[in-house]
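The structure appears below as structure tokens.
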Amino acid sequence: MNDSLPPSPSDETAPSNETASAKLNFVEQAIERDLAAGRFDGVATRFPPEPNGYLHIGHAKSICLNFGLAKKYGGSCNLRFDDTNPTKEETEYVDSIMEDVRWLGFTWNELRYASDYFEQLYDWAVQLIRDGKAYVCDLTGEQTREYRGTVTEPGRNSPNRDRSVEENLDLFARMKAGEFKDGSRTLRAKIDMASPNMILRDPVMYRIMHAHHHRTGDAWCIYPMYDWAHGQSDSLEGITFSICTLEFENHRPLYDWFCQALKIHNPRQIEFARLNLTYTVMSKRKLLQLVQEKRVSGWDDPRMPTISGLRRRGYTPESIRNFCAEIGVAKFNSTIDVVKLENAVREHLNRVADRRMAVLDPVKLTLTNWPEGRVEMVEAVNNPEDPAGGTRQVPFSGTLYIERDDFREEAPRKFFRLKKGGGVRLRAAYIIDCHDVVKDADGKVVEILCTYDPETRSGSGSSDRKVKGTIHWVSGEHAADVEVRLYDRLFRVENPDAGAEGETFLDHLNPDSIQTITAKAEPAVAEAEVGTRVQFERIGYFVVDSDSSPEQRVFNRIVGLRDTWGNMEAKGRAD
RNA sequence: UGUCCCGUGGUGUAAUUGGCAACACGACGGAUUCUGAAUCCGUUAUUCUUGGUUCAAGUCCAAGCGGGACAACCA
């Protein structure tokens, strides 16, 4: 017997071998080739987020990849914040990212920040100037753009390209000392303004920004650009495989150029396709917009594809890891159907979530032959998938609530639930037969009148009567009212970004993505702790939200159960 | 339009690197069921196009078509 709900399986369990697969993806193949060829002795990776937003499911793919590779090859994986742009980065994001990575079940080898390397980066920049490979440029942002040319036309050299080493050194030192205004000068690598690869047209290494940095404070007024910071950070940390997304493919020649110009350890950059999901948006900019414009309640709104949103929605770390393992890693820019994600959490929760009964849209049902005032306790299995899950006692009486949708006065042939003149099993209790209904003035059914069959109590074995269907119920006098938030997809369309002329992703928001109702639940449900996940039988999986109070539990719908009947009915095949 | 990357069932990922195109999810059908869930069984459907090399091509070559990235002092 087990009346109260046990906490859900640990969120902190370390990933098992779920990502281990006999088949190698292209990244693993590259790693094994390099290892075999002796290019590297081992595997060192890193997950390098910029702390300018919350992590989303796309980042989970990268996290699983980077940490998974390190684990698979007995190497290490660092968490490094790419914090080179103080105007966009905040400690709030740093904290949320660390929490999310831990929650997903990963432990980083070392915690680093690109800003840890500002001093070294500066020294290396001086070295490149001395080698004639970098120069201070006086062009404004607009001029720089103009001089760069276009994808089809070569760029022109900056007028300052051939400054003397001495002058460059002097100017660069004064940039650092704060003598110049924001945007007035940059330090650029001297590569090739005519390169067909735009990235190589004398890329900017440093810009002047008199801005407060979340870690270095006001120590610097020049900040390195991504290309100048990222690869060097990788090198400093002894990273062997620098895994990043496809849009950095064009940057790889520059990544290698810097390492070779500096004659430092040169990790191998490998690019993979980022995750796209149907019915959602994945860009940080758009997610930020949803938050700022209050289209959602925050970064952790249960409809958000953020890790914190999924966590609050009730997703388990294991299900997210399984999802990431299932979708694979490749260079093809694909879009995964969200049902794949939903299936992953269903699959996990089916195994571990206790079952409970709750009626979302209640209609009263009276047992006309039930002894006045009598209450029986019936025994219900907590989880048929888990023999160790035990059972619980549920109060049963003559006044019940059932799901309005589980009753029809006149039903199609394939309707296996309760109908007038028919019988149905009440889960874990008795078989009942409906003989009448009570309606209000509008003809709406307000009460269903049934008799119960005393010989059919579950587990008694005193009758071999069979019925087609089994439905869930709660006892009227014992039911607890709980708030239930029924979440649906945030967007109505598969690809919110692919709008018609003048439309934005916001035009595709689903107005019904949240519906809040009060449900009637069996008593044990009202005692569940925040974070507990349960299956409301025949409905779906739910989690106790942090908005719950001791008096009022709030449940988020994580995902519904597969609904074969609903689909049949929707497609008109119910008869 | 210049450079780079990518095209395998409905969706995604494989194919021992030139040797019978497979796996998962979906869809569909059935069995089973005190959850129309889960489980089990089965069915369905694929190499972008054209040409070439070869005994043999998803894989190599050429051309074409289609998709993506790059013209921030963002990452």
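So that the names make sense, note that chain A is the first sequence line, chain B the second, and so on, each numbered from 1. Just the heavy atoms: all of them, side chains too, but no hydrogens, waters or symmetry mates, feed the values below.
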Exercise. Please walk me through it: do D82(A) and Y113(A) pass side-chain hydrogen bond (donor to acceptor under 3.5 Å, both in side chains)?
Worked result: CA-CA 6 Å; D82(A) 252 347; Y113(A) 295 81; over 6 Å; no
Seminar exercise, completed: Judged by whether its glycosidic angle lies within 90° of 0, U17(B) is syn
For this session: Assign F415(A) to base, sugar-phosphate, or nothing according to its heavy-atom contacts below 4.0 angstrom with the strands shown.
Result: base
Polar-atom pairs under 3.5 Å, protein N or O versus N or O of nucleotides 45-49 of chain B: list them with distances, or write none.
none

Exercise. How long is the span from the CZ atom in F241(A) to the CG atom in L65(A), to the nearest 0.5 Å?
Worked result: 12.5 Å
Problem set entry | Side-chain ion pair, R80(A) and E237(A), N-O less than 4.0 Å | yes
For this session: Name the orientation of the base relative to the sugar in A62(B): syn if the glycosidic angle is within 90° of 0, else anti.
Result: anti
Exercise. Which is true for K284(A) with a 4.0 Å heavy-atom rule: it touches a base, it touches only sugar-phosphate, or it touches nothing?
Worked result: nothing
Exercise. Does a nitrogen or oxygen in the side chain of T564(A) sit under 4.0 Å from OP1 or OP2 of A37(B)?
Worked result: yes
Problem set entry | Options A75(B), C6(B), A24(B), nucleotide nearest the side-chain atoms of E247(A) | A75(B)
Exercise. Is any side-chain nitrogen or oxygen of R148(A) closer than 4.0 Å to OP1 or OP2 of C73(B)?
Worked result: yes
Exercise. What does G459(A) touch in the nucleic acid at a heavy-atom separation under 4.0 angstrom: a base, only the sugar-phosphate, or nothing?
Worked result: base
Problem set entry | Nearest-nucleotide pick for N343(A), side chain only, options being C73(B), U11(B), G26(B) | G26(B)
Exercise. Is it true that F248(A) and Y226(A) have ring centroids separated by less than 6.0 Å?
Worked result: yes
Exercise. Between A75(B) and R207(A), is there an OP1 or OP2 to side-chain N/O distance shorter than 4.0 Å?
Worked result: yes
Exercise. With no angle test and no hydrogens, is the base of A37(B) tied to the side chain of N350(A) by a donor-acceptor pair under 3.5 Å?
Worked result: no
Problem set entry | Sugar-phosphate, base or nothing in reach of V339(A), heavy atoms under 4.0 Å | nothing
Exercise. Is K23(A) paired with E28(A) through a side-chain N to carboxylate O contact shorter than 4.0 Å?
Worked result: no
Problem set entry | Length of the line joining K331(A):NZ and U8(B):C1', which is rounded to integer Å | 18 Å
For this session: Could you check T144(A) against R346(A) and say which one's nearest nucleotide on RNA chain B is further toward the 5' end?
Result: R346(A)
For this session: Have a look at T278(A) and say if it touches a base, only the backbone sugar-phosphate, or nothing, with a 4.0 Å heavy-atom cut-off.
Result: nothing
Exercise. Got a salt bridge between R427(A) and E537(A), using NZ or NE/NH1/NH2 to carboxylate O under 4.0 Å?
Worked result: yes
Exercise. When the C1' atoms of A62(B) and U53(B) are considered, how many whole Å apart are they?
Worked result: 11 Å
Exercise. What integer distance in Å separates Q29(A):CD from U16(B):C1'?
Worked result: 11 Å
Exercise. Which part of the nucleic acid, if any, lies within reach of E271(A) when heavy atoms closer than 4.0 Å are counted: base, sugar-phosphate only, or nothing?
Worked result: nothing
Seminar exercise, completed: Rounded to whole Å, NZ of K340(A) lies from P of G12(B) at a distance of 10 Å
Exercise. If we take the C1' atom in both C5(B) and G9(B), what is their distance in whole Å?
Worked result: 24 Å
For this session: Go through the N and O atoms of the side chain of R417(A) and the base of G36(B), and report whether any donor-acceptor pair is under 3.5 Å.
Result: yes
For this session: Decide if the gap between the ring center of F542(A) and the ring center of F536(A) is smaller than 6.0 angstrom.
Result: yes
Exercise. Within the pair R538(A) and G36(B), is there a side-chain N or O less than 4.0 Å away from OP1 or OP2?
Worked result: yes
Exercise. Looking only at side-chain N and O atoms, does T84(A) come under 4.0 Å of OP1 or OP2 in A75(B)?
Worked result: yes
Exercise. Do the ring centers of Y93(A) and Y54(A) come within less than 6.0 Å of each other?
Worked result: yes
For this session: Round to the nearest Å and state the distance from I539(A) atom CD1 to A37(B) atom P.
Result: 14 Å
For this session: Examine F415(A) together with W565(A) and report whether their ring centres are nearer than 6.0 Å.
Result: yes
For this session: Verify the ring-centre separation between F258(A) and W228(A): is it less than 6.0 angstrom?
Result: yes
Seminar exercise, completed: Rounding to 0.5 Å, atoms NE2 (H59(A)) and OG1 (T306(A)) come to a distance of 11.0 Å
Problem set entry | Value in whole Å for how far the P atom of A69(B) lies from CD of E249(A) | 12 Å
Seminar exercise, completed: note: I199(A), atom CD1; C4(B), atom C1'; distance rounded to Å ~ 11 Å
Exercise. From C70(B), A38(B), A14(B), pick the nucleotide closest to the side chain of R562(A)?
Worked result: A38(B)
Exercise. Is P384(A) touching bases, backbone alone, or none of the nucleic acid, heavy atoms closer than 4.0 Å?
Worked result: base
Problem set entry | Closest-nucleotide 5' rank along RNA chain B - winner of D182(A) and K571(A) | K571(A)
Exercise. Within this structure, what is the CD1-to-C1' distance between I191(A) and U3(B), rounded to whole angstrom?
Worked result: 15 Å
Problem set entry | Side-chain ion pair, E403(A) and K520(A), N-O less than 4.0 Å | no
Exercise. Using the benzene-type ring in the case of Trp, are the ring centres of F396(A) and Y430(A) under 6.0 Å apart?
Worked result: yes
For this session: Counting heavy atoms from C-beta on, name the nucleotide in C34(B), A75(B), A71(B) closest to the side chain of M198(A).
Result: A71(B)
Exercise. Ring stacking, F416(A) with base of G36(B), under 5.5 Å and under 30°?
Worked result: yes
Exercise. If you check the S334(A) side chain, which of A75(B), U1(B), U13(B) turns out closest?
Worked result: U13(B)
Exercise. Can you tell me how far P of G36(B) sits from CH2 of W565(A), to the nearest Å?
Worked result: 11 Å
For this session: Would you write the dot-bracket representation of RNA chain B, where each base gets (, ), [, ], | or . depending on whether it forms a Watson-Crick or G-U pair under 3.5 Å and with which partner?
Result: .((((((..((((.....[..)))).(((((.......)))))....(((((..]....))))))))))).....
Exercise. F248(A) near the nucleic acid: base, sugar-phosphate alone, or nothing, with a heavy-atom cut-off under 4.0 Å?
Worked result: base
For this session: Compare side-chain N and O positions of R145(A) against OP1 and OP2 of A72(B) and report whether any pair is under 4.0 Å apart.
Result: yes
Exercise. If you take atom types as modelled and just measure distance, does the side chain of E153(A) reach the base of U1(B) with a donor-acceptor pair under 3.5 Å?
Worked result: no
Exercise. Between R274(A) and G68(B), does any side-chain N or O lie under 4.0 Å from OP1 or OP2?
Worked result: no
For this session: Identify whether any heavy atom of E50(A) sits under 4.0 Å from a base atom; if not, whether one sits that close to sugar-phosphate; answer base, sugar-phosphate or nothing.
Result: sugar-phosphate
For this session: Have a look at A428(A) and say if it touches a base, only the backbone sugar-phosphate, or nothing, with a 4.0 Å heavy-atom cut-off.
Result: base
